[in-house]
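What follows is one structure encoded as structure tokens, with my remarks underneath.
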Amino acid sequence: MDKRYDPAALESAIQRRWEETGSSRSTENTDREKFYCLSMFPYPSGKLHMGHVRNYTIGDVISRYQRMQGRNVLQPMGWDAFGLPAENAAMDNGIPPGKWTRDNIAYMKQQLKSLGFAIDWERELATCDPDYYKWNQWLFLRMLERGIAYKQTQVVNWDPVDQTVLANEQVIDGCGWRTGAPVEKREIPGYYLKITDYAEELLDDLGRLEGWPERVRTMQANWIGKSHGVRLAFPYEVDGKQDKLWVFTTRADTVMGITFCAVAAEHPLAEAAAAKDPELAAFVEECKRGSVMEADLATIEKKGMPTGMHVTHPLTGEAIPVWVGNYVLMTYGEGAVMAVPAHDERDFEFAKHYGLPVKQVIDIPGKTFSTDGWQDWYADKENGICINSGKYDGLDYEKATDAIAVDLEAKGLGEKQVQWRLRDWGISRQRYWGCPIPIIHCEDCGDVPVPDDQLPVVLPEDCVPDGSGNPLNRRGDFINVDCPACGKAARRETDTMDTFVDSSWYFIRYCCPDNGGAMVDDRVDYWMPVDQYIGGIEHAILHLLYSRFWNKVMRDLGLIKCDEPFRRLLTQGMVLNEIFYRKQDNGRMRYYNPAEVEVRADEKGRRSGAILIEDGEPVESGGIGTMSKSKNNGIDPQALIEQYGADTARFFMMFASPPEQTLEWSDAGVEGAYRFLKRIWVFACDNNDIIRPDFNNDWTTLSEDHRDLRHHIHACLKQGNYDMERQQFNTVASAAMKISNYLHEIDTQERESAAAVISEGFSMLLRMLSPITPHVCDHLWRELGYGDNILTAPWPQPDENALVQDEVEMAVQVNGKLRGKVRVPAAADREEIQVQALANDNVSRYIEGREIKKVIVVPGRLVNIVVA
RNA sequence: GCGAAAGUGGCGGAAUUGGUAGACGCGCUGGCUUUAGGUGCCAGUGGGGCAACCCGUGAGAGUUCGAGUCUCUCCUUUCGCACCA
């Protein structure tokens, strides 16, 4: 064996063999327990970044571990290949998006292969392939048939930079999720999916997703936003016509305290009033403009104006003034609210500001109500009791709500209602590089679905966008078609689908990517649901909610059986790196890549400064941040792989921090990982002569030292297995390093006599490490003669006999402070342990002359002697 | 503002769920090998003290024989959500 560890040569040779033997291929086998391990597929942006490497390493470690546990593992990969960056790249350099995308896929695929991931490439798919998006279109038509998809013209969020509509979920703080540009309101027709029909189930099933992080479930629950309340109406008369103002409230128990109502600027009542009042019209305009742009809405002052109109209180018959309020949202509830200043903080502020009356109708005995200032108990519905409320006096929140709902219903002016925050999902995008929506617009027949036998509607790939709208609008050969219903000349829809449609079911298609005749087949029932999904927390709402919805639709169409697509979810942390900069003369920051910077430390290892290698002058530290272009602190994975190899990259990623936490980049840490693998390699070479693959041994004849050694190795293995199960891979790596350290401690003269212990220990080490660093482990496993294939070798288990010790060391505390240690037989009883502990020299110094009040013995751990 | 999570050596992070704090690694210090640098190997490394000892998990209280871990208050950071009626 060559003592030089040469990862470049080693890894490419091993990868070639894996490929030749088809070691990562997965076939359905109902006799074996399946395990579907999925990592979120990448957008083919050009090259892999560190976040990808981390994501896919985590997935690969889990896949390989599960396989060694005997499960039939599926680990596929594909490409989220539609989307705007391709159009932008096309505009920059005149290459059609399709070519740009496929070139990127080819390069990134080769990068993934060089990292040694056990991916079944036979199942690879790209969402821009007609074979794939045909089924987007097909399912869309099925949804249309069932009314799950529908067309609607409504005010939508318009991203002025990307020139397209955005779904509600894609608007963050009033700005586009991708561009960050302030979103405008436009009225545009588009197709919507009725995700709201599934709101209840999407919310309820969160409770069953025990393998999901709590915070992701909370985020989804908040997004869906269910509230129980009462919908009630305020009758009014305008120009001799009877009408009703509807509002929604979660505090029906306070309706007797209503002193005014407020409506959104977009509310019909506001617009009607504005038509007669120029001042009000100006205010309404101001609200409309403001409502979209402002990110800090909550901090803005609550403003309002009276409409001059009055409505009738549904229970008391009082006249209630109606105001326009800038804090009322047209998009939630009814776009109008009843205001109870005494028991809602926002209404309270508003009423104080405009001098509107405040009427207390809820009381908590012992508390004093005052209109001078807001107190939190005013809004306490748990402990409040109705007062000043006529027949409802004395009732609590629940009883009052019930009684009031009954009375409202009797008058036809209200009922209990459940209100959702979730809105339907608008999927039309005025973009070229996406899946065409399969609709044909005919003057006579209206919007006609493309017949199934004409699917897929293929996107022409030779367009080059130039920034002036969707180029499909200028493609006569695409647009001009005959109406499928009447045969007359008609016009094809040019909007494409939101790319979140593509990613909502790709994991289902991985199960049967080659089926040209159907969206799904039996194989889907075998593999689904995904057992472990791994990806970034940034998809906590968008992608994960859409996928859950899509899954349920497919289930209701009888296409799949499972209720939920992802059993367990692991959200990996981001990859961070140091930021270095200098302030330039013009006041702008110039950022330097950490590779160009040398960090200085004092003789105790503390950071003392950093200099730019090029000129030796100091640079400022900007702390730690996610790797980004703007901060110039990214590290290219390609350079890392080329210099150290995939195993080192993988080991560092797993060792530096637990998968869910952020990971700080460290060149020294990478060096350390490389050093460790080299040590393993050299150890194998040095012990090649004494390692016996058939190490089965009579362990009872070992010397005491070797029995101790074996005990330690097996204890490390036990810890490693525990951590592997709970997916804390950094300590799995630690456990492997500890085993290595124990093996290295053996004297040269002892090697022969410890051969069996070494052989066993090293075989455990290799197997435990193999999910993380598969290349080096695969090679050494074979080279040392342990077996043909470590990939399918059984996961190592500690020997129970090795875990027990004849003697154990126990800590002895006096009044909770560590004062000594004693070695006692493992089988010793409490009394025996106590006697030994009290006899300890150091311990006796602390208890001498003092009364022993109590002795606590925790077997195998410690003794605590409590003295007066 | 609301909600969640987290604060442990010079650094990344352990601590099997109330039982010996600082595993493992990085860095640093000293030494050996090397023509030299790197690599490799050996020893040391929470702080204070010559020492026995004392102090130490953001701060302060509490429960307990015993608290990094549980409870309360406060501080800081990060991440969500944000006029939701």
Side-chain angles (χ1 to χ4, degrees), chain A residues 172-173 213-216 218-219 222-223 225-227 229 247-251 261-262 264 291 294-300 302 325-329 331-340 344-347 349-350 419-421 537 540-541 574 599 601-608 652 655-658 660-673 675-676 678-679 682 716 718-719 722-723 725-726 728 730-738 740-741 744 809-821 842 845 853-856 858 860-867:
Chain A
I172 320 282
D173 290 342
E214 193 56 47
R215 60 180 179 144
V216 175
T218 307
M219 282 164 76
N222 290 340
W223 186 265
K226 184 183 190 178
S227 342
V247 304
F248 173 76
T249 180
T250 53
R251 291 300 305 272
C261 282
S291 66
E294 287 142 21
D296 47 353
L297 284 164
T299 58
I300 208 160
K302 314 240 169 319
N326 68 344
Y327 66 95
V328 185
L329 301 174
T331 50
Y332 184 76
E334 304 287 343
V337 297
M338 61 177 221
V340 183
D344 180 283
E345 189 172 3
R346 227 176 21 218
D347 296 344
E349 275 173 35
F350 193 90
Q419 186 69 44
W420 303 90
R421 205 188 93 105
I537 185 75
I541 295 173
M574 300 215 257
V599 172
D602 66 15
E603 74 286 349
K604 286 202 163 183
R606 289 193 198 92
R607 166 76 65 91
S608 60
F652 168 72
F655 179 63
S657 65
E660 310 234 44
Q661 281 180 38
T662 55
L663 181 147
E664 267 182 54
W665 187 260
S666 155
D667 285 327
V670 173
E671 290 278 356
R675 216 157 30 227
F676 170 65
K678 215 158 51 179
R679 247 161 91 85
V682 171
C716 288
K718 188 182 178 189
Q719 182 66 51
Y722 176 81
D723 290 337
E725 252 334 288
R726 59 173 178 154
Q728 186 172 285
N730 56 327
T731 45
V732 174
S734 292
M737 288 173 130
K738 274 174 93 163
S740 164
N741 289 347
H744 277 89
E809 190 180 66
M810 289 178 65
V812 184
Q813 297 179 333
V814 178
N815 284 349
K817 293 204 169 180
L818 183 66
R819 296 303 180 193
K821 290 178 179 181
N842 198 43
R845 284 183 34 216
K853 301 186 84 170
K854 201 191 224 180
V855 178
I856 289 132
V858 184
R861 290 217 174 254
L862 55 70
V863 182
N864 189 12
I865 301 159
V866 186
V867 295

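A note on names: the letters A, B, ... follow the listed sequences, proteins ahead of strands, and every chain is numbered from 1. Because only heavy atoms are used, hydrogens play no part in the values below, and waters and symmetry mates are left out as well, while side chains stay in.
- By the 4.5 Å heavy-atom criterion applied to side chains, A:Leu663 and A:Phe652 are counted as neighbours.
- Side-chain contact between A:Trp665 and A:Val670 is present, with at least one heavy-atom pair separated by less than 4.5 Å.
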For nucleotides 13-21 of chain B, give me one character per nucleotide, 5' to 3': B if any protein heavy atom sits under 4.0 Å from the base, S if the only such contacts are to the sugar-phosphate, - if neither.
SSSB--BB-

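- Nucleotides B:G58 and B:U76 place their C1' atoms 7 Å apart, quoted to the nearest Å.
- The backbone N or O of A:Ile856 lies less than 3.5 Å from no partner atom in the side chain of A:Asn864, so there is not a single donor-acceptor pair.
- Across the interface with RNA chain B, nearest-nucleotide mapping of A:Met338 and A:Ala733 shows A:Ala733 to be the residue nearer the 5′ end.
- Residue A:Asn842 is in sugar-phosphate contact alone, with no base atom involved, counting any heavy-atom pair closer than 4.0 Å across all strands shown.
- For B:C41 and B:U33, the C1' atoms lie 8 Å apart once the distance is rounded to whole Å.
- The gap from the P atom of B:A85 to that of B:G3 amounts to 15 Å, rounded to the nearest Å.
- Side chain of A:Asp723 to main chain of A:Gln728: no donor-acceptor pair is present (N/O by atom type, distance under 3.5 Å, no hydrogens or angles).
- Rounded to an integer number of Å, the gap from OH of A:Tyr327 to P of B:C83 is 14 Å.
- Between B:G80, B:G25, B:G27, one nucleotide has an atom nearer to the side chain of A:Met219 than all others, and that is B:G80.
- To the nearest angstrom, P of B:G66 lies 14 Å from CZ of A:Arg819.
- Looking at A:Ile537 and A:Val216, their side chains come closer than 4.5 Å, going by heavy atoms from C-beta outward.
- B:G47 and B:U8 have their C1' atoms separated by 14 Å, given to the nearest Å.
- Put simply, CG on A:Asn741 is 12 Å from P on B:A23, counting in whole angstrom units.
- Residue contacts shown for A:Thr218 are absent, as no nucleic acid heavy atom lies under 4.0 Å away.
- We find that CZ of A:Arg679 is positioned 14 Å from P of B:U39, with the value rounded to whole Å.
- Atom CE in A:Met574 sits roughly 12 Å away from atom P in B:U78 (whole-Å rounding).
- Annotated as anti: B:G30, whose O4'-C1'-N torsion sits more than 90° from 0.
- Residue contacts shown for A:Val337 include a base, since a base heavy atom lies under 4.0 Å away.
- In this structure, A:Asn815 contributes its side chain and A:Val867 its backbone to a donor-acceptor pair below 3.5 Å.
- Only the P atoms considered, B:U57 is 15 Å distant from B:C70, to the nearest whole Å.
- With hydrogens and angles disregarded, a donor-acceptor distance shorter than 3.5 Å links the side chain of A:Ser657 to the backbone of A:Thr662.
- In terms of position along RNA chain B, the nucleotide closest to A:Asn815 lies nearer the 5' end than the nucleotide closest to the other residue of the pair A:Val328 and A:Asn815.
- Looking at heavy atoms from C-beta onward, A:Arg679 lies in side-chain contact with A:Asn741 at the 4.5 angstrom threshold.
- Put simply, CZ on A:Phe676 is 13 Å from P on B:C24, counting in whole angstrom units.
- Between A:Phe350 and A:Tyr327, the ring centre distance stays below 6.0 Å.
- Taking atom P on both nucleotides, B:C26 is separated from B:U17 by 29 Å, rounded to a whole Å.
- At a threshold of 4.0 angstrom between heavy atoms, the contacts of A:Val855 with the nucleic acid are absent.
- Comparing B:G60 with B:C65, their P atoms sit 23 Å apart, to the nearest whole Å.
- With a 3.5 Å limit on both pairing distances and Watson-Crick or G-U wobble geometry required, the stems of 3 or more pairs in RNA chain B span B:1-7 with B:75-81, B:10-12 with B:24-26, B:27-32 with B:40-45, B:46-48 with B:53-55, B:58-62 with B:70-74.
- B:G48 and B:U71 have their C1' atoms separated by 33 Å, with the value rounded to a whole Å.
- Not one side-chain nitrogen or oxygen of A:Arg845 sits closer than 4.0 Å to the OP1 or OP2 atom of B:A52.
- Between A:Arg421 and B:A85 there is no side-chain polar atom (N or O) within less than 4.0 angstrom of OP1 or OP2.
- The backbone N or O of A:Val340 lies less than 3.5 Å from a partner atom in the side chain of A:Asp347, making a donor-acceptor pair.
- Under the 3.5 Å distance criterion, the side-chain polar atoms of A:Ser740 are left unmatched by any main-chain donor or acceptor of A:Ala736.
- In this structure, A:Glu345 places its CD atom 10 Å from P of B:C84, rounding to the nearest Å.
- Rounded to whole Å, atom C1' of B:C81 lies 9 Å from atom CH2 of A:Trp223.
- OP1 or OP2 of B:C55 lies within a sub-4.0 Å distance of a side-chain N or O belonging to A:Lys817.
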